[in-house]
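Encoded as structure tokens, the structure appears first; notes follow it.
Chain letters run A, B, ... following the sequence lines, proteins first, then strands; residues in each count from 1.
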Amino acid sequence: QKEVEQDPGPLSVPEGAIVSLNCTYSNSAFQYFMWYRQYSRKGPELLMYTYSSGNKEDGRFTAQVDKSSKYISLFIRDSQPSDSATYLCAREGDKLIFGTGTRLQVFP
Amino acid sequence: EAQVTQNPRYLITVTGKKLTVTCSQNMNHEYMSWYRQDPGLGLRQIYYSMNVEVTDKGDVPEGYKVSRKEKRNFPLILESPSPNQTSLYFCASSFRTGVGDEQYFGPGTRLTVT
């Protein structure tokens, strides 16, 4: 079992939709989680990080961790075509362990 | 501008021909690492360095070498490349390796080994 699992998609949504991206993790010892965004032909860049359980909000983006179910979620409100990218979740601890990424396409 | 640079961006080579991919950061970061990204497997760490002259294996180190003689540079060396090393490679750096430290990624090097 991979430490961090993520549905690869692709996920295709119309502009303005609410997007939900999800990951599961296996090791409950780690409590820091990150979301990276990767545009085509670019390196990943940090979008948000969150600690333990609860929500963290940054503009249209909300990161959520549910420790009881070992679930990490990223919600995007009012999605825009510029949000089209691959979204990678990662758990942090001794090192970063990434999920495989979910490709998101937002069409006008 | 704070950045991580990699060269070359694209490389096609043949089996067995030694190559080096350079990585440089201008942020005075202590921690640097190399990843490869493959479809269905995601980003996997090859090697990392916590400071000058300190390097260690990541999850997939076989067939790769690294060195860290200067703080800003962290080259990736493939002594005898093989087709299974065809991949997209990323160099990354961060101030430390502590929790919450953002890793800054380079633009990637697409390597094809025939």
Within residues 36-51 of chain A, which positions have a heavy-atom distance to chain B below 4.5 Å?
A:Y36, A:Q38, A:R41, A:K42, A:G43, A:P44, A:L46, A:Y49

Under a 4.5 Å side-chain heavy-atom rule over Ile, Leu, Val, Met, Phe, Trp and Tyr, are A:Y32 and B:Y104 clustered together?
no

Under a 4.5 Å heavy-atom cut-off, does chain A meet the side chain of B:E102, its backbone, both or neither?
both

Quick one: do A:L88 and A:I76 end up in the same hydrophobic cluster if we chain Ile, Leu, Val, Met, Phe, Trp and Tyr together by side-chain heavy atoms under 4.5 Å apart?
no

How many angstroms lie between atom CG of B:D59 and atom NZ of A:K95, to the nearest 0.5 angstrom?
3.0 Å

Among residues 96-108 of chain A, which residues come closer than 4.5 Å to chain B, judged by heavy atom distances?
A:L96, A:I97, A:F98, A:G99, A:T100

Under 4.5 Å between side-chain heavy atoms, counting indirect links through other Ile/Leu/Val/Met/Phe/Trp/Tyr residues: same cluster for B:Y64 and B:F90 or not?
no

With clusters defined by side-chain heavy atoms of hydrophobic residues (ILVMFWY) lying less than 4.5 Å apart, directly or transitively, does A:V19 cluster with A:F33?
yes

Using heavy atoms and a sub-4.5 Å threshold, report which of residues 68-75 of chain A line up against chain B, by residue number.
none

Report whether B:L78 and B:V66 are members of the same hydrophobic cluster (ILVMFWY, side-chain heavy atoms less than 4.5 Å apart, transitive linking).
yes

Answer yes or no: does atom CZ of B:R110 have more than 12 heavy-atom neighbours from other residues, nucleotides or ligands under 6.0 Å?
no

For chain A, which residues of residues 6-37 of chain B have heavy atoms nearer than 4.5 angstrom:
B:R9, B:Y10, B:Y35, B:Q37

